[in-house]
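Accompanying notes for the structure given below.
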Protein chains: 2
Amino acid sequence: MKATALDPDTLTPGARRVLDSASELFYERGITAVGVDLIAQHSGVTKRTLYNRFGSKEALVATYLLARDRRWRAHVAGALATSGLTPQERATAPFRALRTWMLDNRRGCAFINALAELPDPEHPGHRVAADQQQWLLELFTSLATEADLRDPGDLAHQLLCLYEGALAVQTPATTRSSAETVADAASVLVRAAAPSAP
Amino acid sequence: MKATALDPDTLTPGARRVLDSASELFYERGITAVGVDLIAQHSGVTKRTLYNRFGSKEALVATYLLARDRRWRAHVAGALATSGLTPQERATAPFRALRTWMLDNRRGCAFINALAELPDPEHPGHRVAADQQQWLLELFTSLATEADLRDPGDLAHQLLCLYEGALAVQTPATTRSSAETVADAASVLVRAAAPSAP
DNA sequence: GGGAAGGTTCACAGATCAGTATACGCGAGG
DNA sequence: CCTCGCGTATACTGATCTGTGAACCTTCCC
C-alpha cells in the first residue's frame, strides 16, 4: 500500500540487494518492461520480502530514482570540490563530472527515461525525476551567478539543455565522447557571457 | 509475424486510424504502457484488423516512429526552405523549426523516449529511432560545412546535443521556452565557429 | 456471378503482470 | 524464555498482455 520512496541509505540487507538489482534492471531494460518477479529472482530474494520492504513497485521505482539522484549529486559535489578552480571553471564543472559518469551509464539519463515511462505526475517517481532537473538548473544558476555571468537564468537553462542533450545523444561515429564535445560548447557559452566579453 | 515497419503513406482507412491513435497514445503514455486493446478501442477498429494490417505490436511501433520521423523531417525542410537565409542562419534553422514543433509536442523527443523503452537493438523501432538522430547529425554537419564553419563535425555534435536537450528539459519557471533559449545558444556557438571570429 | 480486399464479432489461448495468504526458520535483545 | 524483525518457501488470485481462429458482412471490380 505504501507509495512513497524509502530512504535508500537505511535499508535491510535484503532490501539493499533488491534495490541494487532494481537499479541495474530498471536502467538497463526500462521500468515498465521489468517485472517484480525478475527483480526478486535477480537479487536472490523472495517476492514476499520485496513487498515487505518496499510495499509496492511504485515505491521501489521511486526509491531507485532517489538513490540514483543522491549518487549523481555526490558525484557532482566531488567535481566541485576540486581546489583551484576559477569561478568560470566551476560553472562548467558538472560537465567534467559528466564525462566520468557516462563511462558507466551508457543508456542515457535515467530521469528522462523515467519521465518517458511515467507520464502520470501522481506517480511518486515522477516527482523525484522532475526534482532532479530542477536541482541541476538551480545549481547552474548559482554557479553562473557566482561567476558574475550575464543572464544567469538563461545561461543555466542553456547549460542544462547541453547537459541533458549529451546524455541523450548516443555517441556518434565521432572519436570524441558527447561529454567532452559538450564541455567545449559549455566553455564557449560561459566565455560569451563573461562580463569582460564584447 | 511481420516485424518490419509499413509505409505510413500507403495505408488502408482502418490502418490509418489505428496509426493515428497509436501515435497519440504511444507518445502521450509510453509504448510499453499502451496495449493493443486500448489502441483498437481508441481508433474504433477491431483488434483483428489491427493485426491484419500491422502483423504485430512491434511493427506498429516501428511504423509509428517512422511516420513521426517523416513528419519531423518535413517540418525541418519547411524551415530550411525559407528564402533569404544566410548560411549561418541556415545552420540554426532547425532550432526555429523546433520552437513551433514543441508547441504540440510537450512530452519530449519521441525517439529518445522510444530508445529508453526499447533497449533491444533487434527491435525494429530501435533502428528507426537511432537513424533519426544520425540523420539530424548529418544535416547539422552539412549545414555547418556549407556555412564554412570550423570543425563542422564537432559543432554539429554540439548542436545536436542542444537540440535533444531542449526537447528533454521540461520548460522551467523561466518565461522563455527551451527552444528559444537554446536557439540563442546555437547562434553563439555558430558565431564562435565562424571563419572571421577570433 | 464470383472473387478478392477490408472490416467486424466474439471467443479463446498462453503468458505475464502486480500483489496477497499462509506457514515456517532463525537470530538478537529484552 | 519469548517476542520481534528479517527473510524463506510455495501457492494463489484476478487482471491484463500479445496474438490467433473461424465465421460472416460489405463493396468494388472483373
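Fair warning: this is a prediction, and the values are worked out from it, not measured in the lab. Every chain is numbered from 1, with letters handed out A, B, ... down the list of sequences.
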| said: Whether the side chain of Lys47(B) and the base of dG19(D) hold a donor-acceptor pair under 3.5 Å is what I'd like checked. | reply: yes

| request: With DNA chain C as reference, determine whether Gly35(A) or Thr46(B) sits nearer its 5' end, using the nearest nucleotide of each. | output: Thr46(B)

| message | Nearest whole Å is fine: how far is dG7(D) C1' from Leu11(A) CG? | response | 15 Å

| task | Give the rounded distance in Å between these two atoms: CG of Leu60(B) and C1' of dG19(D). | result | 14 Å

| said: Once you apply a heavy-atom cut-off of 4.0 Å, does Thr12(B) come out as touching a base, just sugar-phosphate, or nothing? | reply: sugar-phosphate

| Within the structure shown, what part of the strands sits under 4.0 Å from Asp37(B) by heavy-atom distance: base, sugar-phosphate, or nothing? | base

| said: What is the distance, to the nearest angstrom, from the CG atom on Leu38(B) to the C1' atom on dA15(D)? | reply: 15 Å

| task | Figure out the CZ/C1' separation between Arg53(A) and dT8(D), and round it to whole Å. | result | 13 Å

| task | For a ring pair (Phe, Tyr, Trp, His ring centres under 6.0 Å) with Trp72(B), tell me which candidate from Phe111(B), Tyr163(B), Trp135(B) qualifies. | result | Tyr163(B)

| query | In whole angstroms, how far is the P atom of dC17(D) from the CD atom of Glu58(B)? | reply | 17 Å

| Arg48(B) (side chain) and dG21(D) (base): donor-acceptor pair under 3.5 Å | yes

| query | So among Val45(A), Val18(A), Leu19(A), which one has a side chain to side chain contact (heavy atoms under 4.5 Å, CB included) with Ile39(A)? | reply | Val18(A)

| Side-chain donor/acceptor of Glu164(A) to backbone N/O of Val169(B), under 3.5 Å | no

| query | Hey, does Val34(B) reach any base, or is it just sugar-phosphate, or nothing, if we go heavy atoms under 4.0 Å? | reply | sugar-phosphate

| said: Closer than 4.0 angstrom, basic N to acidic O: yes or no for Arg127(A) and Asp131(A)? | reply: no

| task | Take the protein atom CZ of Arg29(A) and the nucleotide atom P of dT16(C), then report the distance between them rounded to whole Å. | result | 13 Å

| Is the closest side-chain donor-acceptor distance between Arg68(B) and Asn105(B) under 3.5 Å? | yes

| query | Tell me: OH of Tyr51(B) to C1' of dC10(C), nearest whole Å? | reply | 16 Å

| Rounded to the nearest Å, what distance is computed from the CG atom of residue Leu50(B) to the P atom of nucleotide dC10(C)? | 18 Å

| dT8(D) OP1/OP2 closer than 4.0 Å to side-chain N/O of Thr49(A) | yes

